[in-house]
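As the structure is a computational prediction, the values presented were derived from the model and not from experiment.
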Amino acid sequence: MPSYIVVGGQWGDEGKGSIIAYLAMHDKPEVIARGGVGTNAGHSVFVNGKKYAVRQLPTGFVHKDARLLVGAGVLVDPEVFFYELEHLKDFNVKERVGIDYRCAIIEPEHKELDRTNSYLHGKIGTTGSGCGPANADRVLRRARQAKDIKELEPYLTDVAAEVNDALDEGKLVLVEGTQGFGLSLYFGTYPYVTSKDTSASAIASDVGLGPTRVDDVIVVFKSFPTRVGAGPFPTEMSQEEAERLGLVEYGTVTGRRRRVGWFDFEFARYSARINGATILAITMLDKYDKDAFGVTDFDKLPAKAKEFIAEIEEKVGVPVGLIKTGPELEHIIDLRENI
Ligand code: GTP
Ligand code: IMP
Ligand code: MG
C-alpha cells in the first residue's frame, strides 16, 4: 500500500498514536504527514519505557529516517512547534520536519478566547488550544499563515507537492489523522464537535492528497470508547462502573478525566463506512480481556477476546488488521498480510 491514512473511529484518543508509531517502525514509510485540526490533539506513544506526547508533529517521529510533514490544513501553534522540536531532540526531528507554508497560525488571542469564552469552554468543553478561534479567523481570511512567521522559515515547504512527489517515486506515505469521527464538524454530534471535518477524506485533503491517491484507510477503535468534553455518548457507563472495570483515563492535552462507554457496533459501522475503511485497528484489547495482555500471536488470544474481534468484523463489515494488546510498541498483533 503506497499511501495509507490512519484515522480515529470514535471520539478521539483511540490510541492512534501507538498504532501510527508501530506502523512507522515496522513499515518504515519514507514520508509521514500529519493532517487534522491542530494542537487540540494529543497522541501519546510509549517507546522503550518512556512516554512521549505530541500535539503538533507527526507521531511517526519515532522512525528516525522518515521525512516528517505537517499538512496545509493543520493549524500551527509556533510555541508548541518549537517546544516539540526541543522535547524530541533525541529523534533529530529538527533536521527532517517540514510544515506547509500555507498552514494557518494559532495566536495567543485564539488560546485566550478558547479558554475564557463561556460557550466554547463552558458549553462545548473545548481543549482551550485555540483551534476553533484560529479556524474561524482562517475562514474569515484574516489568519496569518506559516509563511508570515520569520522563525518558521527554515521549516517551510510545499507538503502537498512533497507527498505527491513521494508517491510518484514509489515511496510509502503514511498520513496521520487526529481526533475521531464523532468529533467531525460535519458528521459528528454537532455542536459538540471540533472545528473541522475529521473523516479520512478531510485528512487526505489536509495534506494535499486527492481521493484517487489513497490506497488504504485504517480506522482505529478502542475496546471501550472514551469522550472528553460535553456531548452525546449513547453507550456511556457511570464513573463508578469505569472505576470498577479499571478503565479510568485522563486526557493527554487537558488532563481532564475521560468519559468511558461500551463499544457501540452500530456507530462503528457508520464511522467505518463514511471513512471508507479498508482495515480496522482495535486497541486496548487487554482492557476488554485481561488475559489478552501482551499477546502478539492471534492464535494465542483467549476465546473471549477472539469472539470480540469476530463480532466487530461481522457487525462493522471490515477486517481487523491490527490489534493492540498493551501499551508498548511490541504489544501488537499484525494481521494485515491475511487481508
Ligand atoms: P490518540 O489521540 O488516538 O493518539 O490516543 P492518545 O494517544 O490520546 O491516547 P492516550 O493518551 O490514552 O494514550 C494511549 C496510551 O495508551 C499510550 O501510552 C499507549 O502506549 C497506551 N496504549 C495504546 N494501546 C494500548 C493497549 O492496547 N492497551 C493498553 N493497556 N494501553 C495501550
Ligand atoms: P476543540 O477541538 O478544542 O475545539 O474541542 C471541541 C471538542 O472536541 C471538545 O469536546 C474536545 O474535548 C474535543 N477534542 C478535540 N480534540 C480532541 C482530541 O484529540 N481528543 C479528544 N477530544 C478532542
Ligand atoms: Mg489523544
For the pair [X] and [Y], find out whether any cationic side-chain nitrogen is under 4.0 Å from an anionic carboxylate oxygen.
X: Arg213; Y: Asp168; value: yes
X: Lys196; Y: Asp206; value: yes
X: Glu243; Y: Arg257; value: yes
X: Lys304; Y: Glu307; value: no
X: Lys150; Y: Glu153; value: no
X: Asp158; Y: Arg102; value: yes
X: Glu107; Y: Arg144; value: yes

For [X], I'd like to know if atom [atom1] has over 12 heavy atoms of other residues, nucleotides or ligands within 6.0 Å.
X: Asp297; atom1: CG; answer: yes
X: Glu266; atom1: CD; answer: no
X: Lys300; atom1: NZ; answer: no
X: His121; atom1: NE2; answer: no
X: Glu241; atom1: CD; answer: yes
X: Glu112; atom1: CD; answer: no

If we only count heavy atoms from C-beta on, is the [X] to [Y] side-chain gap below 4.5 Å?
X: Thr59; Y: Lys16; answer: no
X: Thr278; Y: Tyr4; answer: no
X: Tyr101; Y: Gln145; answer: no
X: Val219; Y: Phe181; answer: no

Original post:
Can the ring centres of Phe267 and Trp11 be said to be less than 6.0 Å apart?
Top reply: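 For Phe267 and Trp11, the ring centres are under 6.0 Å apart.
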Reported [atom1]-to-[atom2] distance for the pair [X] and [Y], which is rounded to 0.5 angstrom:
X: Asn40; Y: Thr252; atom1: CG; atom2: OG1; result: 11.5 Å
X: His26; Y: Asp334; atom1: NE2; atom2: CG; result: 5.5 Å
X: Arg269; Y: Asp264; atom1: CZ; atom2: CG; result: 13.0 Å
X: Leu280; Y: Ser271; atom1: CG; atom2: OG; result: 9.0 Å

If we ignore hydrogens and angles and just use 3.5 Å, is the side chain of [X] paired with the main-chain N or O of [Y] as donor and acceptor?
X: Thr198; Y: Gly180; answer: yes
X: Asn275; Y: Val217; answer: no
X: Arg55; Y: Ser129; answer: no
X: Gln56; Y: Leu75; answer: yes
X: Arg227; Y: Leu183; answer: no
X: Arg259; Y: Thr226; answer: no

Original post:
Which pair of heavy atoms, one from Ala272 and one from Val316, lies closest together, and at what distance?
Top reply: CB-CG1, 3.6 Å
Subject >> Considering all heavy atoms, the nearest Leu322-Arg336 contact >> reply: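 Closest pair (atom of Leu322, atom of Arg336, distance): CD2-NE, 3.9 Å.
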**OP:** Could you tell me whether Lys315 sits above the aromatic face of Phe265, with NZ or CZ closer than 6.0 angstrom to the six-membered ring centre and within 45 degrees of the axis?
**Re:** yes
Subject >> Parallel, tilted or perpendicular, as decided by the 30° and 60° cut-offs, for the rings of Phe308 and Tyr288 >> reply: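 Taking Phe308 first and then Tyr288, their aromatic rings lie parallel (interplane angle under 30°).
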**OP:** Would you kindly say whether Ser3 and Asp215 are connected by a side-chain donor-acceptor distance under 3.5 Å?
**Re:** yes
**OP:** Verify whether one side chain among Ser184 and Asp197 offers a donor that lies under 3.5 Å from an acceptor in the other.
**Re:** yes
**OP:** Using side chain to side chain contact (heavy atoms under 4.5 Å, CB included) as the criterion, point out the one residue from Leu23, Leu174, Val7 that pairs with Ile218.
**Re:**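 One option only clears the test, and that one is Leu23.
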